Amino acid sequence: MFIEIGKKIKQLRNAKGISQEFLSKYLKMPIKALIRIESGEEYPPIEMIPVIADYFEVTTDEIMCMEQFDHEDKIREYAEKFQ
């Protein structure tokens, strides 16, 4: 299962009506990095997850798309793939 953090960030950004340029400046990251994150080419640095969640007034779980894991076994399966 693929976690679509970038897609979630893009949805939240569009819902708030802000540009990629504005968000990249707020997050103090190059706009090219934000574009790569939103396109799914890479994930944001882990330390940015709480900052992004705070900005959009959502939980870190929501940013990390944890709602797609409806069972503990699926979380374990996903984690094992990256060990």
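Since the model is a prediction, treat every value here as computed from it, not as a measurement.
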Side chains of Ile52 and Leu23 in contact at under 4.5 Å (non-hydrogen atoms): no
query: With no hydrogens and no angle check, do the side chains of Glu21 and Ser19 hold a donor and an acceptor under 3.5 Å apart?
result: no
- request: Taking the side chain as every heavy atom from C-beta outward, state whether Lys10 and Ile37 have any atom pair closer than 4.5 Å.
  value: no
message: Ignoring hydrogens, what is the shortest heavy-atom contact between Pro50 and Glu47? Give both atom names and the distance.
response: CD-O, 3.5 Å
query: Is the NZ or CZ atom of Lys16 positioned over Tyr55's six-membered ring, under 6.0 angstrom from the centre and within 45° of the axis?
result: yes
query: Which atom names give the shortest non-hydrogen contact between Met64 and Ile5, and what distance separates them?
result: CA-CG1, 4.0 Å
Value rounded to 0.5 Å, distance of NZ in Lys32 from CD in Glu41: 12.0 Å
task: Begin from the C-alpha positions of Phe56 and Arg13 and carry the test side-chain contact (heavy atoms from CB on, under 4.5 Å) through to its verdict.
output: CA-CA 8 Å; Phe56 289 113; Arg13 181 180 60 74; 4.1 Å; yes
field: Linked, directly or transitively: Tyr43 and Leu12 (ILVMFWY side chains, under 4.5 Å)
entry: yes
field: Same apolar cluster (I L V M F W Y, side chains within < 4.5 Å links), Leu27/Ile31
entry: no
message: Measuring from atom CD of Glu57 to atom CD of Glu62, what distance do you get when rounded to the nearest 0.5 angstrom?
response: 11.5 Å
- prompt: Under a 4.5 Å cut-off applied to non-hydrogen side-chain atoms, are Glu38 and Gln20 in contact?
  reply: yes
message: Hydrophobic clustering (ILVMFWY, side-chain heavy atoms < 4.5 Å, transitive) - are Ile35 and Met48 grouped together?
response: no
- prompt: Shortest non-hydrogen contact from Ile49 to Pro44?
  reply: CD1-CG, 3.6 Å
